[in-house]
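Let me begin by presenting the structure, written as structure tokens, before commenting on it.
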There are 2 protein chains.
Amino acid sequence: MTEPRWLNEEEQRTWRAFLWASQLLHDSLDRQLQRDAGIPHAYYVILAMLSEASDRSLTMSQVAEIARLSPSRLSHAAARLEDKGWVARRRNPEDGRQIIATLTDAGLAVVTGAAPGHVAQVRGALFDALTPDQIRQLGEIFGTLLEHLDPDGELTPEP
Amino acid sequence: MTEPRWLNEEEQRTWRAFLWASQLLHDSLDRQLQRDAGIPHAYYVILAMLSEASDRSLTMSQVAEIARLSPSRLSHAAARLEDKGWVARRRNPEDGRQIIATLTDAGLAVVTGAAPGHVAQVRGALFDALTPDQIRQLGEIFGTLLEHLDPDGELTPEP
DNA sequence: GATAGATCCTTGAACTTTCAACCTTCTTCG
DNA sequence: CGAAGAAGGTTGAAAGTTCAAGGATCTATC
């Protein structure tokens, strides 16, 4: 193997700032949701995606694709959320391989209850610290990255 | 509680792009390091931070602060890395409360061996997708965020 | 020079995530 | 039709993380 192109000092600084900041940001979301709703952020995302779907329902693979979760991870998470009575699963009559997950009323109540605190956390930890210009740049940069990292993935809401 | 300021459509898009992209990015690093070095990314960071320290040594709390890990998480991780013979821990003679972690020769070999692939992954997944302007913006944005989220933390290398 | 409190780190249990193996159902095609 | 393979999900075990509690050691203060 040939000598790789190491990161120069500025790249190094940028990379670490990104790493640490996104880690801190994610941890802060996790703590807020664990405190207010008793679930980790990834679980909240599952509930939120279901809450936006028509009939509050999606197949497991749709959830997995939209939320970028592995099938296994989603399966375990769904089992936990089902235990809590926040999600219901049933086989799809039109394709027996699929399982349709539905957000229950109780599940919707959890999302609705946790959403304000969650939004406040996202604002407080991210948007409030940046200028409007930076927010625009952030959107463009991560839009590009998302395309780059997951070219076939569902993009975030209508661009 | 008063009605929160919800995210508008553009903020929503930006937020999700950031969320998904950083998740994909982190997963790709994790997989690469798990494959090439048999450890998750967080463990690699511990080894990397030690490799840069003088005497390849730091106290546990220094590592925790630099790598932004909880004491508990670090403690468990260090135990695993010690099992592998990549890190050694001993009590600090000058302050009996502290534990000094040292990167062993074997540990250094692991970092050295994994580094090229890791850098290539970071370049491929992040820097290569962005313009020089965007890279500069990224650095500024996350530098700001890091200050915002962890005002007292060690900043990334000399600013 | 004691003792209260702070600092530093570890531990065990509960929970989450990953990985590989597996089961079903659907589709394709000879 | 019937077998082979693809698609959709699940499972159990191993590994990683969090949380609350606790054991040492040091510092400050009386």
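Within every chain, numbering begins at 1; the chains are lettered A, B, ... in the order of the sequence lines, protein sequences first and strands thereafter.
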task = With a 4.0 Å heavy-atom cut-off, tell me which residues in residues 75-89 of chain B come close to DNA chain D, sorted by residue number.
result = B:His76, B:Arg80
ask   = Toward the 5' end of DNA chain D, which comes first, A:Thr59 or A:Arg31, by nearest nucleotide?
value =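 Final value for this comparison: A:Thr59.
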Hey, is [X] close enough to [Y] for a salt bridge, meaning N to O under 4.0 Å?
X: A:Arg136; Y: B:Glu11; value: no
X: B:Arg16; Y: A:Glu52; value: yes
X: B:Asp105; Y: B:Arg56; value: yes

query = Nearest-Å distance, CG (A:Leu69) to P (C:dT16)?
reply =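 From A:Leu69 CG to C:dT16 P: 14 Å.
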Distance in angstrom units between B:Ile100 CD1 and C:dT10 P, rounded = 12 Å
note = CG of B:Leu149 to CZ of B:Arg68, rounded to nearest 0.5 Å, is 9.5 Å
task = Consider the side chain of A:Tyr43, meaning its heavy atoms from C-beta on, and name the nucleotide among C:dC8, C:dT10, C:dT16 that approaches it most closely.
result =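 Per side-chain heavy atoms of A:Tyr43, the pick is C:dT16.
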request  = Choose from C:dT18, C:dC8, C:dT27 the nucleotide whose nearest atom is closest to any side-chain atom of A:Arg97.
outcome  =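 Output: C:dT27.
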request  = Answer with yes or no whether B:Ser72 presents, from its side chain, a donor or acceptor under 3.5 Å of a partner atom in the base of C:dT11.
outcome  = yes
key: Residues forming a side chain to side chain donor-acceptor pair (under 3.5 Å) with A:Gln23, sequence neighbours excluded   = none
key: Check: B:Gln12/B:Asn8 side-chain N/O donor and acceptor closer than 3.5 Å   = no
